[in-house]
Protein chains: 2
Amino acid sequence: MKRKPIQHYEARAAVAKALAHPSRLLMLDALAKKEMCVCDLTELVGADQSTVSKHLAVLKHAGIVDVRRDGVMTYYRMKIHCLEGFWKCVESVLRQNLKDQSAALGV
Amino acid sequence: MKRKPIQHYEARAAVAKALAHPSRLLMLDALAKKEMCVCDLTELVGADQSTVSKHLAVLKHAGIVDVRRDGVMTYYRMKIHCLEGFWKCVESVLRQNLKDQSAALGV
DNA sequence: TGAACTCATGGTAATATTGCCATAGACGTA
DNA sequence: TACGTCTATGGCAATATTACCATGAGTTCA
């Protein structure tokens, strides 16, 4: 098992960083179901359109979503399908953590 | 399919944020194999001991690692085992992205 | 051409993250 | 008790992230 270079972890960190914002995760959850335009996502998130556009640029730059232009509209779609299962696993662990903590407090 | 509340995505973002640093990912990769003390991890990362300690606090607070005290030493160990598969999937997608981009450039 | 629409990009202020130094706390041992 | 070792925690400066406003770029249609 050879040691991975630091660049390897920087690449991973770039992906994690792109995931590290609730608005982006909300959009990804929606994009997992179907592609959506910036206007749809702006309404979904409820922030300024420019803010949403920048969030999408982050996701695109990280290689998590893909873009398709159609006239005036720009449609974003999911490119990484590892997320659903990942969050499911993470959340089951976090739920168990909470249970353990409750038990430790003698509830 | 009911809409998840914003708190749901904030919880996810907290985990992603904890993962969003190369040093922390390096430590997690090592911790996936065996528990390690702060001194081991400090040597692994090559940063100041206080820096490593703070990184570990971030991982612990996110519920990603667990702590065990033994005398003077503090051992950290992995608590979430979803990461290995997740990164494997992510990296395969990123590799494919690169291939597609190369092909698009007509290489 | 010009207005309306969709989206992206500077600019900027507020906030968060990060790393190191100094230092404090906790434990084992002489 | 005193000392050495291992960790954790303030403090602080440098850097990064974020949100909004204003505006620009590209497209459609009358």
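Predicted model, so just to flag it, every value in this text is computed and none were measured. By convention in this document, chain letters (A, B, ...) are assigned in the order of the sequence lines, proteins followed by strands, and residues within each chain are numbered from 1.
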In whole angstroms, how far is the P atom of D:dC21 from the CD atom of A:Q49?
12 Å
For A:Y76 and C:dT6, is the shortest distance between a side-chain N/O and OP1 or OP2 below 4.0 Å?
no
Give the minimum heavy-atom separation between B:F86 and A:L19, together with the two atoms involved.
CZ-CD1, 4.1 Å
Would you classify A:S50 as touching base, sugar-phosphate or nothing, given that sugar-phosphate means primed atoms plus P, OP1 and OP2, and contacts are heavy atoms under 4.0 Å?
base
Rounded distance (Å) that lies between atom P of D:dT18 and atom CG of A:L19:
12 Å
Send over the distance from A:E43 CD to C:dT6 C1', rounded to a whole Å.
14 Å
If you assign B:M73 and A:G71 each to the DNA chain D nucleotide with the nearest heavy atom, which residue ends up on the more 5' nucleotide?
B:M73
Under 3.5 Å, is there a donor-acceptor pair between the A:D100 and A:Q96 side chains?
yes
Residue A:V72, side-chain heavy atoms: nucleotide from C:dC21, D:dG26, C:dG19 that is nearest:
D:dG26
I want to check one thing: is the phosphate of D:dT17, taken as OP1 and OP2, less than 4.0 Å away from some side-chain N or O of A:H55?
no
Would you mind telling me which residue lines up with the more 5' stretch of DNA chain D, B:V67 or A:R24, judged by nearest nucleotide?
B:V67
Rounded to the nearest angstrom, tell me the gap between atom CD in A:E10 and atom C1' in C:dT18.
14 Å
Have a look at A:R69 and say if it touches a base, only the backbone sugar-phosphate, or nothing, with a 4.0 Å heavy-atom cut-off.
nothing
Any A:T74 side-chain nitrogen or oxygen under 4.0 Å from OP1 or OP2 of C:dT6:
no
Heavy atoms under 4.0 Å, any strand shown: does A:Y75 hit a base, just sugar-phosphate, or nothing?
nothing
Quick one: label A:A57 by what it contacts on the DNA or RNA (base, sugar-phosphate, nothing), any heavy atom closer than 4.0 Å.
nothing
With a cut-off of 6.0 Å (strictly less than), are more than 12 heavy atoms of other residues, nucleotides or ligands near CD of A:E43?
no
If you look at every strand shown and take non-hydrogen atoms under 4.0 Å, does B:S53 touch a base, only sugar-phosphate, or nothing?
base
Over all strands shown, is B:K17 touching base, sugar-phosphate only, or nothing at heavy-atom distances under 4.0 angstrom?
sugar-phosphate
Where the side chain of A:A47 is defined as all heavy atoms beyond and including C-beta, which of D:dT27, D:dC20, D:dT18 is the nearest nucleotide?
D:dC20
Rounded to whole Å, NE2 of A:H61 lies from P of C:dA8 at a distance of 15 Å
Shortest non-hydrogen pair, B:M27 vs B:V45, comes out as CG-CG2, 3.5 Å
Main chain of A:Q49, side chain of A:S53: is a donor-acceptor contact present, judged purely on distance under 3.5 Å?
no
Between D:dC20, D:dG11, D:dT7, which one does the side chain of B:K54 approach most closely?
D:dG11
